[in-house]
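Scroll down for the structure; my scribbles are underneath it.
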Amino acid sequence: MKIRTKAFWKFQLAVAFVTAIIMTIFWSVTGFLVAEPGGLFNDLVFSFISIIAFAIILFPVWKLWKGKSWYSLSLLFILAILIIAILLFVLSNILNGDISFVLACIGVLYILIAAPVNLVIACIIGLLGKYIVNRFPN
């Protein structure tokens, strides 16, 4: 799949919008249940970080995806998230100091805490990708 098509850019905008809504709700509920509510600002910061991470992850995933089924796009997306989290854990073991702790915490956030919401977003991304490819072929 080519990255320079209108379908890809519409897909990226749809993913950013869906991710922003779902992640803001998720981090608000998680922050309320786990600790003291940090306010809307913290939730928006976590959501913005997720939007940037997912947008970067989706470039190679879109390139590898053949456009045949929505679940293959979802599976590729989940695999990409897992690979990045594993790389963060490996880097946290290689590096010393505070940066290693930060990398390990980011990996834990995206693997353990945000796993259910990442699965939901992956399914929605797969369905959006299939819909957009069928609707806007060029």
Original post:
CD1/I21 to CZ/F17 distance, rounded to the nearest 0.5 angstrom?
Top reply: 3.5 Å

Subject >> side chain to side chain donor-acceptor pair (under 3.5 Å) contacts in which one or both residues fall within residues 76-86, not counting sequence neighbours >> reply: none

Original post:
Rounded to the nearest 0.5 Å, how far apart are CG of L127 and OH of Y71?
Top reply: 12.0 Å

**OP:** Can you measure from CH2 (W65) to NZ (K130) and round to the nearest 0.5 angstrom?
**Re:** 6.0 Å

**OP:** Check for a donor-acceptor pair, side chain of T19 on one end and backbone N or O of A16 on the other, with a separation under 3.5 Å.
**Re:** no

Original post:
Do W9 and L58 share a hydrophobic cluster, counting only Ile, Leu, Val, Met, Phe, Trp and Tyr and linking them when any side-chain heavy atoms are less than 4.5 Å apart?
Top reply: yes

**OP:** Check side-chain hydrogen bond (donor to acceptor under 3.5 Å, both in side chains) between Y131 and all other residues, then give those that pass, not counting sequence neighbours.
**Re:** R135

**OP:** Report the distance from atom CZ of F11 to atom CD1 of I125, rounding to the nearest 0.5 Å.
**Re:** 5.5 Å

**OP:** Kindly write out the residues that satisfy side-chain contact (heavy atoms from CB on, under 4.5 Å) with A14, not counting sequence neighbours, or none if the list is empty.
**Re:** L128, I132

Subject >> Residue pair I22 / I124, side-chain heavy-atom distance below 4.5 Å >> reply: yes

Review item, side-chain donor-acceptor pairs of residues 73-81, under 3.5 Å, at least two apart:
unit_1 : atom_1 : unit_2 : atom_2 : d
S74    : OG     : W70    : O      : 3.3
S74    : OG     : A122   : O      : 2.5

Original post:
Does V61 reach the side chain of F54, with side-chain heavy atoms less than 4.5 Å apart?
Top reply: no

**OP:** First locate atom CZ of F59, then atom CD of Q12, and finally report the distance between them rounded to the nearest 0.5 Å.
**Re:** 5.0 Å

